[in-house]
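Heads up: the structure comes next, in structure tokens.
Numbered from 1 within each chain, the chains take letters A, B, ... in sequence-line order.
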Amino acid sequence: MSQTYINELSNHIDSTVVLKGWVYNSTNKGKLNFLVIRDGTGICQCVVFKPNVGEELFQKSLTLTQESSIIISGKVKEDKRAPGGFEIDVASMEIIQIALEYPISPKEHGIEFLAERRHLWLRSARQHAILRIRHELIRAMRDFFDGRGFTLIDGPIFTPAACEGTSTLFETEYFDLGKAYLTQSSQLYAEAAAMAHGKVYSFGPTFRAEKSKTRRHLTEFWMIEPEVAFNDLNDNMDLAEDFLEYIVGRVLKNKSAELQTLERDTKFLQNVKRPFPRISYDEAVKILLKKEIAFEWGNDFGGTDETIISQEFDRPVLVHRYPSAIKAFYMKRDPENDKLALAIDVLAPEGYGEIIGGSQREDDLTKLEERIKKHKLPMEAFNWYLDLRKYGTVPHSGFGLGLERTVSWVCGLEHIRETSPFPRMINRITP
RNA sequence: UCCGCAGUAGCUCAAUGGCGGAGCAUUCGGCUGUUAACCGAAGGGUUGUAGGUUCGAAUCCUACCUGCGGAGCCA
């Protein structure tokens with residue numbers, strides 16, 4: 001008989017099925033042995049009743065330890081006492097392996113203990129739910145762009161120089177060509193691709209060697225970066241709004257059970273509907289000053305500042321037109337105020353901070369050259385990028401969204417490390 | 001890089017400078033409805049490392065190691 005998955009059990013009531021999986025938990029009470037089996041799609045209580053199965057099979061079931069791998073068959077019964085409403089009345093059982101004593105018990109554990117055993121921690125219900133939501137978000141992101149005529153064009157992971165010259169990069173030797181750096185953004189390459197395809201996005205890993213030690217930082221994370229020829233700042237904000245509304249909607253629609261497992265209050269997620277509030281940097285500063293936060297115009301917002309600003313709103317907020325001095329060289333200046341860059345950040349609600357950063361790009365060759373000089377960046381490294389402004393330059397815009405920060409927000413997590421299957425942080429590169 | 005906190009049984013934690021403890025896990029026994037079951041019993045310790053103070057240190061002091069939280073940094 002072929003395998004039935006636990007999430008399909010409701011189609012098999014009163015018939016005999018075969019489950020293949022692992023013992024998630026077990027407890028016995030005299031002549032009854034309860035096994036909770038998981039198979040990757042869900043968990044199901046399986047009941048081994050001595051008078052029904054006989055002495056031999058019952059004793060065999062008592063030897064099962066947590067995470068032992070088994071194949072069982074039995075009749076599916078509706079039972080309100082079982083978690084999920086269904087249980088299997090076990091008729092036969094094949095043990096593949098009796099697992100050694102499993103380190104992760106159903107009781108609480110410290111974060112270091114769990115992180116050391118991330119390869120096993122993935123099996124627990126909470127981690128399972130998070131990675132399912134991560135998967136749904138990834139699918140939704142790709143569906144969103146694919147459905148709007150975007151072409152996926154990824155940038156390289158090895159790059160010859162810093163994209164912005166600001167953040168610290170991981171460095172490696174690259175044959176006879178000297179040093180190579182792991183990418184911190186595909187944006188510049190996405191701009192080139194947008195001049196070829198109009199609407200493009202890249203989606204891949206990103207590396208930052210900053211010694212950041214906070215709940216919002218990983219050294220390796222995934223970023224999705226759309227770039228659109230002829231889009232101005234407002235078009236860019238429209239795109240970001242559409243995008244967030246769509247991906248959050250998809251999780252609400254398709255992953256409600258997982259959100260429930262995480263005990264996520266979906267109130268804020270339900271609110272992720274256009275239009276989002278759009279405020280300028282100046283207005284954001286006013287919010288801080290009104291709350292009597294010591295903040296000087298011209299500085300970038302810290303994590304706490306972002307939290308305070310986002311708490312003013314019931315959905316993501318777009319902050320636009322930052323001081324150009326604190327933004328990257330490639331951002332276009334506001335034609336109405338040269339001190340401002342046509343940048344946007346999107347701050348997630350509930351203190352989750354910046355999940356999107358983007359801008360309208362500088363499309364003027366001369367201004368871009370000036371800016372590269374002013375930032376003391378190596379001009380040769382940007383020759384190809386400057387070509388984009390020599391041969392049919394057009395206004396264009398794009399943004400980058402951090403996948404893990406988005407997952408963290410949607411799932412309502414305390415720390416970003418749970419959003420990555422194998423997170424890389426300043427103090428951890430294993431397992 | 002800086003500030004703060006922590007490190008004791010497999011895990012989570014307690015122990016006023018005076019005999020090293022509990023719950024869970026494990027093993028054994030009991031129970032026909034458990035949901036982190038319950039009841040009874042047993043085994044389980046170089047108190048992160050190295051020094052120091054003291055009659056006596058898990059406890060106080062110094063250094064180091066490891067981790068955690070935060071700051072800085074960070075599209």
Side-chain angles (χ1 to χ4, degrees), chain A residues 24-36 43-52 58 62-63 65-66 77 79-85 87 89 100-117 124-125 162-169 183-188 190 206-219 221 223-225 236 240 299-306 319-320 322 326-331 341-347 353-359 361 397-402 405 414-417 425-428:
Chain A
Y24 192 61
N25 202 356
S26 69
T27 177
N28 73 87
K29 192 176 189 321
K31 298 187 174 71
L32 270 172
N33 191 15
F34 296 97
L35 305 171
V36 178
I43 60 166
C44 175
Q45 174 165 284
C46 302
V47 183
V48 188
F49 185 42
K50 184 144 93 174
N52 289 357
F58 187 76
L62 291 179
T63 67
T65 54
Q66 189 184 354
K77 289 169 26 181
D79 193 313
K80 282 177 188 147
R81 292 169 296 188
E87 66 179 23
D89 191 7
L100 302 182
E101 189 181 337
Y102 191 65
I104 303 178
S105 68
K107 290 282 184 179
E108 72 232 62
H109 297 284
I111 188 63
E112 185 189 358
F113 181 84
L114 292 168
E116 286 286 351
R117 293 157 185 80
S124 68
C163 165
E164 296 173 38
T166 52
S167 55
T168 321
L169 305 186
T183 181
Q184 59 158 343
S185 167
S186 290
Q187 184 213 306
L188 303 191
T206 299
F207 307 89
R208 301 282 165 87
E210 267 98 24
K211 295 188 173 178
S212 299
K213 205 164 139 30
T214 81
R215 66 184 68 199
R216 300 183 309 280
H217 289 87
L218 296 170
T219 56
F221 61 96
M223 192 152 67
I224 190 162
E225 296 173 280
N236 206 26
N299 290 340
D300 205 352
F301 302 124
T304 321
D305 303 323
E306 288 178 353
V319 184
H320 55 82
Y322 283 71
I326 56 168
K327 286 295 182 183
F329 74 93
Y330 53 71
M331 293 185 179
L342 293 178
I344 51 159
D345 279 1
V346 179
L347 306 181
E354 181 186 347
I355 51 171
I356 282 180
S359 68
R361 320 306 188 186
S397 301
F399 61 81
L401 172 136
R405 282 190 184 177
E414 288 290 315
H415 200 296
I416 197 167
R417 67 188 148 215
M425 289 169 297
I426 178 170
N427 282 327
R428 176 166 300 282

Using a distance-only criterion (donor-acceptor N/O pair, under 3.5 Å, no hydrogens), is the base of B/C74 paired with the side chain of A/His217? yes
Check the phosphate of B/G10 against A/His109, side-chain N and O only, distance under 4.0 Å to OP1 or OP2. Yes or no? no
Expressed as a whole number of angstroms, how long is the span from A/Ile416:CD1 to B/G69:P? 13 Å
Give A/Arg428 one of three labels, base, sugar-phosphate or nothing, depending on what nucleic acid heavy atoms sit under 4.0 Å from its own. nothing
Expressed as a whole number of angstroms, how long is the span from A/Ile426:CD1 to B/G69:P? 12 Å
Is the shortest side-chain N to carboxylate O distance from A/Arg216 to A/Glu354 below 4.0 Å? no
Atom P, compared across B/U66 and B/A50: separation rounded to whole Å: 16 Å
Please measure how far the C1' atom in B/G43 lies from the corresponding atom in B/A9, and state the result in whole Å. 11 Å
Rounding to an integer number of Å, can you tell me how far A/Glu210 CD sits from B/C73 P? 10 Å
Nearest 0.5 Å, what's the OH-CZ distance between A/Tyr102 and A/Arg117? 10.0 Å
Among B/C68, B/G69, B/G33, which nucleotide sits nearest the side chain of A/Asp79? B/G33
Report which part of the nucleic acid A/Phe34 touches: base, sugar-phosphate, or nothing (heavy-atom distance under 4.0 Å, all strands). base
For RNA chain B, consecutive-pair runs of 3 or more (Watson-Crick or G-U wobble, both H-bond-type distances under 3.5 Å) give B:1-7 with B:65-71, B:10-13 with B:21-24, B:26-30 with B:38-42, B:48-52 with B:60-64
Nucleotides 20-25 of chain B: which of its N/O atoms have a protein N/O under 3.5 Å away?
| from | atom 1 | to | atom 2 | distance (Å) |
| --- | --- | --- | --- | --- |
| B/A25 | O2' | A/Glu101 | OE2 | 3.4 |

Please state the C1' separation for the pair B/G23 and B/A36 - nearest whole angstrom. 12 Å
Carboxylate-amine/guanidinium contact A/Arg81 A/Asp79, below 4.0 Å: yes
Less than 4.0 angstrom between a side-chain N/O of A/Lys29 and OP1 or OP2 of B/G33, yes or no? yes
Counting the atoms with a prime plus P, OP1 and OP2 as sugar-phosphate, which does A/Asn28 contact under 4.0 Å by heavy atoms, base, sugar-phosphate, or nothing? base
Taking atom C1' in both B/C39 and B/U54, what distance in whole Å separates the two? 47 Å
Whole-Å C1' distance, B/U8 and B/U46: 12 Å
When you measure from the side-chain N and O atoms of A/Arg417 to the phosphate of B/G67, is any distance below 4.0 Å, counting only OP1 and OP2? no
Side-chain donor/acceptor of A/Glu112 to base of B/G7, under 3.5 Å: no
To the nearest angstrom, the CD-C1' distance between A/Glu116 and B/G67 comes to 10 Å
Run through A/Arg208, A/Glu210, A/Arg405 and flag the one making a side-chain contact (heavy atoms from CB on, under 4.5 Å) with A/His217. A/Arg405
Rounded to the nearest angstrom, tell me the gap between atom NZ in A/Lys50 and atom P in B/G33. 14 Å
Nearest to the side chain of A/Glu87, heavy atoms from C-beta on, is which of B/G33, B/C74, B/G72? B/G33
Applying a 4.0 Å non-hydrogen cut-off, can you work out what A/Leu32 is touching in the nucleic acid: base, sugar-phosphate, or nothing? base
Side chain to side chain donor-acceptor pair (under 3.5 Å) for A/Glu225 and A/Ser185? Distances and angles first, verdict last. CA-CA 8 Å; A/Glu225 296 173 280; A/Ser185 167; 2.7 Å; yes
Please name the pair of heavy atoms, one in A/Ala240 and one in A/Ile356, separated by the smallest distance, quoted to 0.1 Å. CB-CD1, 4.1 Å
For A/Gly358, report the nucleic acid contact type (base, sugar-phosphate, nothing); a contact means any heavy atom under 4.0 Å. nothing
Separation of B/U12 P from A/Arg117 CZ (nearest whole Å): 9 Å
Looking at CZ of A/Phe301 and CG of A/Asp345, how far apart are the two atoms once the value is rounded to the nearest 0.5 Å? 8.5 Å
I want to verify a distance call: between B/C74, B/C68, B/A37, whose nearest atom is closest to the A/Ile111 side chain? B/C68
Touch class at under 4.0 angstrom, heavy-atom based, for A/Pro103 against every strand present: nothing
So do A/Tyr330 and A/Leu188 actually touch side chain to side chain, heavy atoms under 4.5 Å? yes
Within the 4.0 Å heavy-atom criterion, would you say A/Gln45 contacts the bases, only the backbone, or no part of the nucleic acid? base
Are OP1 or OP2 of B/A37 and a side-chain N or O of A/Asn25 less than 4.0 angstrom apart? yes
Nearest-0.5 Å distance that lies between atom CZ in A/Phe34 and atom CD in A/Glu87: 7.0 Å
Are any non-hydrogen side-chain atoms of A/Val47 and A/Gln45 less than 4.5 angstrom apart? yes
Rounding to the closest angstrom, what is the interatomic distance between B/A6 and B/A58 at atom C1'? 14 Å
Tell me which nucleotide among B/G72, B/U34, B/G33 gets nearest to the side chain of A/Thr27. B/U34
Quantified in whole Å, what is the P atom distance between nucleotide B/C73 and nucleotide B/U12? 34 Å
Whole angstrom value for the distance that separates P of B/A71 from NZ of A/Lys213: 11 Å
To the nearest 0.5 angstrom, please state how far the OG atom of A/Ser359 sits from the NE2 atom of A/His320. 14.0 Å
Tell me which nucleotide among B/U1, B/C68, B/G69 gets nearest to the side chain of A/His415. B/G69
Let me know the distance between CZ of A/Phe113 and P of B/C68, rounded to the nearest Å. 15 Å
Please report the closest heavy-atom contact between A/Arg361 and A/Ser397, naming both atoms and the distance. NE-C, 4.2 Å
Spacing of CG belonging to A/Asn299 relative to OH belonging to A/Tyr322, to within rounding of 0.5 Å: 12.5 Å
What distance, rounded to whole Å, do you find between the two C1' atoms, one in B/G48 and one in B/C38? 37 Å
Tell me what A/Glu414 touches on the nucleic acid: a base, only sugar-phosphate, or nothing, going by heavy atoms under 4.0 Å. nothing
Given that A/Met425 and A/Thr214 both sit by RNA chain B, which one's nearest nucleotide is further toward the 5' end? A/Met425
